[in-house]
Undergrad: 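Please see the structure below; I have some questions.
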Amino acid sequence: MTDTKQPYVSDNCETYTDLEDSHEKIKNPELASILKKVNRSRNYRKPPIDNKQLDIFEPPPLTDISTKDEISLMDIAVFGLGRKPRFEPIEYNLKDAHIMVQGGTNCGMATIFDYDIFLYMISYLTNEMNRIKKEIKKGNDDYLPPRSIKPSVAELLNYCRRDHGGENYKLLEKSLERLSTTKISITKVNSKNRRNGMFSLIGDYNITTQKETGRISDITISIPEWVYDGIVRIENPTVLTLNPDYFLLDKGAHRFLHRLARKAAGKTEATYSLEKIYERSGTTRVFRRWKSDIKSTIAALKENPLPEYSISWETKGKKVNIKMIYTGNKK
DNA sequence: GCGGTATTGTGCATTAGTAT
DNA sequence: ATACTAATGCACAATACCGC
């Protein structure tokens with residue numbers, strides 16, 4: 001099972017890494033060009049060796065909350081897209097709302113990778129609630145889900161399909177801090193009145209570490225009220241399932257595009273202008289810099305497409321549109 | 001000014017390997 | 001199986017540069 005080091009007969013390399021490194025020396029030009037491409041772009045992480053999401057019976061399906069106050073949270077980035085936490089706030093001026101995302105002054109804003117923890121929380125809660133609803137249909141009363149989750153760290157990392165490297169344990173603490181302090185404020189204006197609200201991605205959290213060893217023994221994350229109410233107290237929660245391969249997407253921009261496609265295209269297709277995607281990505285880059293970035297980002301998808309969606313770059317004169325087409329199982 | 005590419009720094013992510 | 005270490009890799013963004 002763990003013999004991942006299968007030698008490649010063709011070129012005397014021990015491992016896949018050897019093969020990648022030696023692509024210059026490879027005689028077969030076709031193979032060499034493929035390997036060069038692999039070297040250049042890595043859209044997907046390799047899944048951890050033990051490629052199981054959870055060792056429990058069934059992992060909860062990956063779900064994300066899609067709207068809040070009739071505002072779609074999936075087609076804007078309520079987090080930074082980079083690995084480095086960002087400190088500048090993001091502002092969105094949408095048609096019917098003004099949205100402001102701001103991180104903590106010390107730790108910065110949550111990143112799209114920190115958001116994985118949020119997804120774990122949503123998935124857990126949705127799954128739990130679906131189970132309870134089934135029980136109620138059968139006529140059995142049941143307790144509502146708890147208002148906080150207590151995952152073991154390994155369980156959390158497994159679900160997010162990450163490696164169990166110790167680094168992840170250290171970073172978890174920072175991730176939680178960012179998630180908890182990132183505030184999203186929505187100001188909605190309709191014809192009659194103006195509503196303003198502020199919420200964060202996760203509530204309070206506790207991390208218990210053992211004194212002698214410094215090991216994390218326990219984490220508790222409280223579920224913020226808007227999430228709990230949105231899933232438990234509303235009859236038809238606005239949640240969408242995602243493909244678990246989402247966790248393997250290595251580029252923040254790819255994750256953003258996948259979320260956008262999932263929401264906008266669904267099981268059909270959708271087209272956005274490049275300008276609109278630029279605005280909704282929350283990037284700090286000037287447009288023409290971002291444009292060349294996103295162009296190569298989308299070009300990389302030719303080799304390794306997004307799970308279930310194809311993204312294409314279409315030019316109409318000077319205008320650029322991004323077309324997203326569902327390629328998954330149309331059932 | 002506007003388009004594009006090339007280079008570089010930073011902080012997180014990943015990997016192999018190790019300890020319990 | 002879970003938790004940790006050290007070394008390396010990577011994306012994003014800032015910056016410089018070039019040609020128009």
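Protein chains get the first letters and strands the later ones, always in sequence-line order, with residue 1 at the start of each.
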Undergrad: Between atom NZ in Lys295(A) and atom C1' in dT5(B), what is the gap in whole Å?
TA: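 Spelled out: NZ on Lys295(A) to C1' on dT5(B) is 12 Å.
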Undergrad: Does the side chain of Asn196(A) pick up a donor-acceptor pair with the side chain of Thr187(A) at under 3.5 Å?
TA: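 Result is yes, a qualifying pair exists.
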Undergrad: When the ring centroid of His98(A) is compared with that of Tyr92(A), is the distance short of 6.0 Å?
TA: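 They do not qualify: ring centres at least 6.0 Å apart.
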Undergrad: Side-chain heavy atoms under 4.5 angstrom apart, residues restricted to Ile, Leu, Val, Met, Phe, Trp, Tyr: same cluster for Met100(A) and Ile186(A)?
TA: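 Different clusters.
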Undergrad: Could you state the atom-to-atom distance from CD1 of Ile112(A) to P of dA13(B) in whole Å?
TA: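 One finds 12 Å between P of dA13(B) and CD1 of Ile112(A), rounded.
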Undergrad: How many whole angstroms separate atom CD1 of Ile294(A) from atom P of dG3(B)?
TA: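 It works out to 17 Å between those atoms.
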Undergrad: Just N and O in the side chain of Thr283(A): are any of them under 4.0 Å from OP1 or OP2 of dA13(C)?
TA: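 Yes, Thr283(A) has a side-chain N/O under 4.0 Å of OP1/OP2 on dA13(C).
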Undergrad: Expressed in angstrom and rounded to an integer, what is the separation of Phe256(A) atom CZ from dA13(C) atom P?
TA: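 Between P of dA13(C) and CZ of Phe256(A): 12 Å.
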Undergrad: Output all residues satisfying ring-ring contact (aromatic ring centres under 6.0 Å, His included) with Phe79(A), sequence neighbours left out; order by chain, then residue number.
TA: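 Phe79(A) satisfies ring-ring contact (aromatic ring centres under 6.0 Å, His included) with Tyr115(A) only.
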Undergrad: Check the distance between dA11(C)'s P and Arg285(A)'s CZ and give it to me in whole angstrom.
TA: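 From Arg285(A) CZ to dA11(C) P: 14 Å.
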Undergrad: Is the shortest side-chain N to carboxylate O distance from Arg255(A) to Asp116(A) below 4.0 Å?
TA: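 Between Asp116(A) and Arg255(A) there is a salt bridge, with a charged N closer than 4.0 Å to a carboxylate O.
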Undergrad: Just say parallel, tilted or perpendicular for the rings of Trp226(A) and Phe199(A), cut-offs at 30° and 60°.
TA: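 Rings of Trp226(A) and Phe199(A): tilted, 30 to 60°.
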Undergrad: How long is the line joining CG of Leu81(A) and C1' of dC10(C), in whole Å?
TA: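 In whole Å, dC10(C) C1' and Leu81(A) CG are 16 Å from each other.
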Undergrad: Could you list the donor-acceptor pairs under 3.5 angstrom formed by side chains in residues 144-151 of chain A, with sequence neighbours left out?
TA:
none

Undergrad: For Thr111(A), report the nucleic acid contact type (base, sugar-phosphate, nothing); a contact means any heavy atom under 4.0 Å.
TA: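 No contact at all - Thr111(A) keeps every heavy atom at 4.0 Å or more from the nucleic acid.
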Undergrad: Reckon Gly80(A) touches a base, only the sugar-phosphate, or nothing at all at heavy-atom distances under 4.0 Å?
TA: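 No contact at all - Gly80(A) keeps every heavy atom at 4.0 Å or more from the nucleic acid.
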Undergrad: Please check the phosphate of dC12(B) (OP1 and OP2 only) for any side-chain N or O of Lys174(A) closer than 4.0 Å.
TA: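 For Lys174(A), the contact criterion (side-chain N or O under 4.0 Å from OP1 or OP2 of dC12(B)) is met.
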Undergrad: Expressed as a whole number of angstroms, how long is the span from Asp293(A):CG to dA13(C):P?
TA: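 Rounded to whole Å, this separation is 8 Å.
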Undergrad: To the nearest Å, how far apart are Met109(A) CE and dA13(C) P?
TA: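 For the pair Met109(A) CE and dA13(C) P, the rounded distance is 11 Å.
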Undergrad: Between the protein and nucleotides 16-20 of chain C, are there any N/O to N/O pairs under 3.5 Å, and if so, what are the atom names and distances?
TA:
| unit_1 | atom_1 | unit_2 | atom_2 | d |
| --- | --- | --- | --- | --- |
| dA16(C) | N6 | Arg289(A) | NH2 | 3.2 |

Undergrad: Which nucleotide, dA13(B), dC12(B), dG4(B), lies nearest any side-chain atom of Lys291(A)?
TA: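 So the side chain of Lys291(A) is nearest to dG4(B).
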Undergrad: Side-chain N or O of Thr284(A) less than 4.0 angstrom from OP1 or OP2 on dA14(C)?
TA: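 Checking Thr284(A) against dA14(C): at least one side-chain N or O falls below 4.0 Å of OP1 or OP2.
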